[in-house]
Asks: 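Okay, handing you the structure first.
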There are 4 protein chains.
Amino acid sequence: MSAEAEEQDPKEKSKTRQSIGARKNPDTEMAILDAAAEIIAEKGIGGLRMEAVARKAKAGKATLYRWWPSRGALLLAVYQRNKPSMCYSNTGSLHEDFLHFAKDLTEIWQGETGLFFKAIIAESQSDPDVAEKLKDYHAERLEALATVVERAQLRGEISQKEDPATRAELLIGLMWQRLLNNRLDETIDEHIRMLANSET
Amino acid sequence: MSAEAEEQDPKEKSKTRQSIGARKNPDTEMAILDAAAEIIAEKGIGGLRMEAVARKAKAGKATLYRWWPSRGALLLAVYQRNKPSMCYSNTGSLHEDFLHFAKDLTEIWQGETGLFFKAIIAESQSDPDVAEKLKDYHAERLEALATVVERAQLRGEISQKEDPATRAELLIGLMWQRLLNNRLDETIDEHIRMLANSET
Amino acid sequence: MSAEAEEQDPKEKSKTRQSIGARKNPDTEMAILDAAAEIIAEKGIGGLRMEAVARKAKAGKATLYRWWPSRGALLLAVYQRNKPSMCYSNTGSLHEDFLHFAKDLTEIWQGETGLFFKAIIAESQSDPDVAEKLKDYHAERLEALATVVERAQLRGEISQKEDPATRAELLIGLMWQRLLNNRLDETIDEHIRMLANSET
Amino acid sequence: MSAEAEEQDPKEKSKTRQSIGARKNPDTEMAILDAAAEIIAEKGIGGLRMEAVARKAKAGKATLYRWWPSRGALLLAVYQRNKPSMCYSNTGSLHEDFLHFAKDLTEIWQGETGLFFKAIIAESQSDPDVAEKLKDYHAERLEALATVVERAQLRGEISQKEDPATRAELLIGLMWQRLLNNRLDETIDEHIRMLANSET
DNA sequence: ACCTAAGCGAGACGGTACGTCACGTCTTGTC
DNA sequence: GACAAGACGTGACGTACCGTCTCGCTTAGGT
């Protein structure tokens with residue numbers, strides 16, 4: 001009646017894990033993160049229920065709450081594990097580099113990861129822990145992109161006086177806004193041209 | 001432990017409304033939207049519960065669900081009623097206009113409205129209706145700011161060839177990103193200078 | 001794996017009950033008390049779980065707790081419904097009357113009712129509500145038996161000066177002690193002879 | 001909210017015990033029984049939790065379960081250690097002896113021991129081991145009191161033909177019933193007079 | 001002047017998920 | 001090999017909301 005597809009696949013080995021002494025069992029952690037990831041893939045993050053995770057991972061709710069005391073904590077743990085790895089090109093042209101960045105990110109975000117990232121932003125509005133982690137993550141991303149700008153400064157493409165983070169932040173802001181409005185498919189070329197030009 | 005402050009203020013007149021015949025009672029609508037707005041102000045949108053709204057508005061749950069069948073619908077109704085009114089300055093300088101826009105919006109968002117808007121963005125990630133409405137609203141805002149850019153084009157401040165929405169979107173994207181990361185207080189002058197300069 | 005026989009018999013009509021307005025639904029009450037009684041019959045009172053009752057009665061836990069806020073309350077409700085009806089004989093001889101009383105009670109208590117009553121006594125040691133109700137019930141029983149003694153006084157069988165409750169209480173105390181020690185099967189004739197004799 | 005007073009008193013020496021080799025450590029046993037006794041004193045027997053005992057005694061749960069595999073076993077062990085010692089007077093008058101017995105027992109039961117004994121009776125309804133031990137203990141008590149009756153028979157106070165246990169059991173039954181109904185404070189003189197008189 | 005129709009408050013109903021608690025079993029590392 | 005420690009799966013606890021429902025009341029508009 002209620003049980004849909006959230007039970008463990010019966011074909012998998014279903015020997016139940018047990019304690020391995022007074023310390024965290026890594027098998028348990030993996031099973032739980034796997035279960036959470038699958039559920040998110042199936043029903044979206046809004047459909048993530050602690051009970052369902054425990055059920056699917058064949059773990060006790062107490063175990064779940066011991067290590068991830070909230071939905072947000074679990075969410076972040078899953079994201080950390082599946083974090084997309086961006087690589088920042090170095091073509092010798094800021095415009096090209098920005099273009100690559102935008103295209104790569106668009107591609108990543110158009111898949112499952114985009115749903116995930118949107119959901120984390122949403123969650124961060126109500127869970128301070130998630131908000132903080134997201135802020136850190138965002139800062140890290142910003143810095144990475146700022147490095148790309150810095151290279152352009154060193155090449156003399158753009159003024160050395162401006163803060164490299166400025167252009168980076170404008171680009172990332174644009175991307176966020178597009179992501180959150182489901183408008184990733186719209187053109188972005190003109191925006192990038194503007195951000196990559198030589199003035200300050 | 002449970003009873004906090006969500007009961008109707010006993011000082012207010014608490015005569016219960018009733019049917020006024022076979023049609024919607026506008027008092028009821030107002031009472032419900034008021035109640036919802038107050039709850040959101042107190043606990044945030046994440047803390048908005050249909051039951052609590054009904055209780056506070058002294059309305060039956062059936063009445064609530066009759067007119068606003070979901071949390072999202074109620075949310076949007078409240079937002080429509082309390083929508084902040086931005087005014088777009090026309091100083092003859094794009095830089096000044098952008099600066100005014102950013103300062104005004106920052107001020108508005110630093111208050112309750114910001115919480116509200118963030119929450120709507122969050123909600124839009126799980127409620128398609130809200131997402132659609134938000135998209136419309138965003139487009140409308142974008143257009144309004146694009147008009148400011150257009151004026152600069154007409155004045156010859158910037159190139160006529162670029163799409164006026166481009167600069168507008170970059171600015172708005174920046175603002176969204178700042179809002180969602182709780183970084184509205186950080187400086188934004190350099191970004192605006194870059195967005196308002198004459199190249200494309 | 002866990003579900004044993006506590007699901008509703010599928011042969012019974014299983015249309016789910018619903019609200020009948022802003023008042024208690026007697027069907028629900030009956031279903032819950034039936035379910036509780038069955039569970040007690042199967043697993044004993046120690047095996048009575050609120051969740052299992054709700055499950056078997058196809059009722060929500062909230063409904064259960066709304067009307068019977070504790071295990072003890074539910075226990076008492078079931079007992080009230082199934083209360084054994086003792087009848088007190090009037091043979092013209094106190095000894096005979098006591099003997100009948102003891103035999104009847106022994107018979108009743110040797111069945112399911114005895115388990116039930118023992119469990120209520122046990123429960124009363126930790127639930128003050130149950131304790132109070134049990135005290136009332138005990139007082140009522142005592143009075144009924146005291147009436148038997150009183151008749152003997154009126155007949156002149158025993159002294160008019162003694163409190164008729166005295167003999168009654170000694171007999172009931174004996175019975176309780178036998179019940180609680182699982183010694184109902186041992187002889188009791190001599191005790192009754194002593195309690196029914198003419199002195200004070 | 002949860003942490004109350006069940007942690008070990010920090011003033012006490014809290015050096016943790018350890019194994020003394022491949023045999024039972026008597027310090028551990030004592031610490032556990034002490035902890036259990038204290039918890040029972042604080043929260044009643046219904047509040048006795050194996051986990052809490054282990055925590056308070058700074059013992060591992062495995063150790064606890066090794067020696068006392070159930071709540072009932074632990075309960076009995078504590079009771080054995082703290083068993084109240086009744087002494088049976090020998091005044092030369094059955095009435096006096098019974099009176100002393102009743103008064104002494106009332107006094108004992110009105111304190112902590114009474115709570116304890118009630119709880120054991122309650123526990124015995126669901127734990128067969130406890131039930132058996134309680135039955136033995138009860139028999140022992142009965143015999144002791146029967147000895148008092150026997151002395152009265154030898155003195156010629158009462159008939160030699162009756163079983164001395166009869167009167168004893170009636171008295172003890174009365175006491176149990178009073179204890180379990182929280183009616184120890186009510187008068188008992190008339191009952192004793194009746195039980196101590198010379199007829200059978 | 002009656003009758004129907006709908007809105008209204010109230011709140012009970014079957015559910016699902018929550019986060020906590022205790023259970024009894026297990027494994028580790030220390031003595 | 002006994003011990004403290006504490007993680008593990010299990011499952012009941014009591015609470016909070018969900019969205020649906022029926023009730024008894026009120027009023028407006030049609031007859």
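Labels below follow one simple rule: chain letters A, B, ... track the order of the sequence lines, proteins then strands, and each chain is numbered from 1.
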Asks: Please determine whether a side-chain nitrogen or oxygen atom of D:Thr63 lies at a distance below 4.0 Å from atom OP1 or OP2 of F:dA4.
Replies: yes
Asks: Can you identify which nucleotide, out of F:dC8, E:dC18, F:dG9, has its nearest atom closest to the A:Ala59 side chain?
Replies: F:dG9
Asks: Which nucleotide in the set E:dG19, F:dT15, E:dC26 lies at the smallest distance from any side-chain heavy atom of A:Tyr65?
Replies: E:dG19
Asks: Which nucleotide in the list F:dT15, F:dC21, F:dC8 gets nearest to the side chain of C:Ser19?
Replies: F:dC21
Asks: May I have the distance from B:Met50 (atom CE) to F:dC17 (atom C1'), rounded to whole angstrom?
Replies: 11 Å
Asks: Provide, to the nearest angstrom, the distance between the CZ atom belonging to D:Arg55 and the C1' atom belonging to E:dC21.
Replies: 10 Å
Asks: In the structure I gave you, are the side-chain heavy atoms of C:Leu74 and C:Trp67 within less than 4.5 Å of one another anywhere?
Replies: no
Asks: Measure CZ/C:Arg17 against P/E:dG11 and give the value in whole Å, please.
Replies: 21 Å
Asks: Just the rounded figure in Å: distance from P of F:dA12 to CG of C:Leu64.
Replies: 14 Å
Asks: Counting heavy atoms from C-beta on, name the nucleotide in F:dC21, F:dT20, F:dA12 closest to the side chain of C:Arg49.
Replies: F:dA12
Asks: So with a 6.0 Å cut-off around NZ of C:Lys118, is the heavy-atom count from everything else above 12?
Replies: yes
Asks: Is a donor-acceptor contact shorter than 3.5 angstrom present between the side chain of B:Lys61 and the base of E:dG11?
Replies: no
Asks: For B:Arg23 and for C:Glu29, locate the closest nucleotide of DNA chain E by heavy-atom distance; then report the residue assigned to the nucleotide nearer the 5' terminus.
Replies: B:Arg23
Asks: In whole angstroms, how far is the P atom of F:dT20 from the CH2 atom of B:Trp68?
Replies: 16 Å
Asks: Please tell me if B:Trp67 has a side-chain N or O lying less than 4.0 Å from either OP1 or OP2 of E:dC8.
Replies: yes
Asks: Regarding D:Ala54, tell me which of base, sugar-phosphate or nothing describes its non-hydrogen contacts under 4.0 Å with the strands shown.
Replies: nothing
Asks: Is the cationic atom of B:Lys24 (NZ for Lys, CZ for Arg) positioned less than 6.0 Å from the six-membered ring centroid of B:Trp68 and within 45 degrees of its normal?
Replies: yes
Asks: For A:Arg71, run the side chain to side chain contact (heavy atoms under 4.5 Å, CB included) check against A:Ile45, A:Val130, A:Val53 and tell me which one passes.
Replies: A:Ile45
Asks: Return no unless some side-chain N or O of C:Arg66 is found under 4.0 Å from OP1 or OP2 of E:dC13.
Replies: yes
Asks: Counting just side-chain N and O atoms, does A:Thr28 come under 4.0 Å of either OP1 or OP2 of F:dA7?
Replies: no
Asks: Rounding to an integer number of Å, can you tell me how far D:Lys56 NZ sits from E:dA22 P?
Replies: 14 Å
Asks: Rounded to whole Å, please give me the gap between CG in A:Leu74 and P in E:dC18.
Replies: 11 Å
Asks: With a 4.5 Å limit on heavy-atom distance, are the side chains of B:Ile20 and B:Pro26 in contact?
Replies: yes
Asks: Nearest nucleotide by nearest heavy atom, which residue falls closer to the 5' end of DNA chain F, C:Leu48 or A:Gln18?
Replies: A:Gln18
Asks: Tell me, yes or no, whether the heavy-atom count around D:Gln80 atom CD, taken from other residues, nucleotides or ligands under 6.0 Å, exceeds 12.
Replies: yes
Asks: Distance check needed: F:dA7 C1' versus A:Met30 CE, whole Å only.
Replies: 18 Å
Asks: By the 4.0 Å heavy-atom rule, please label A:Glu51 as base, sugar-phosphate, or nothing.
Replies: base
Asks: Using heavy atoms to find the nearest nucleotide of DNA chain F for B:Pro69 and C:Ser70 separately, return the residue whose nucleotide is more 5′.
Replies: C:Ser70
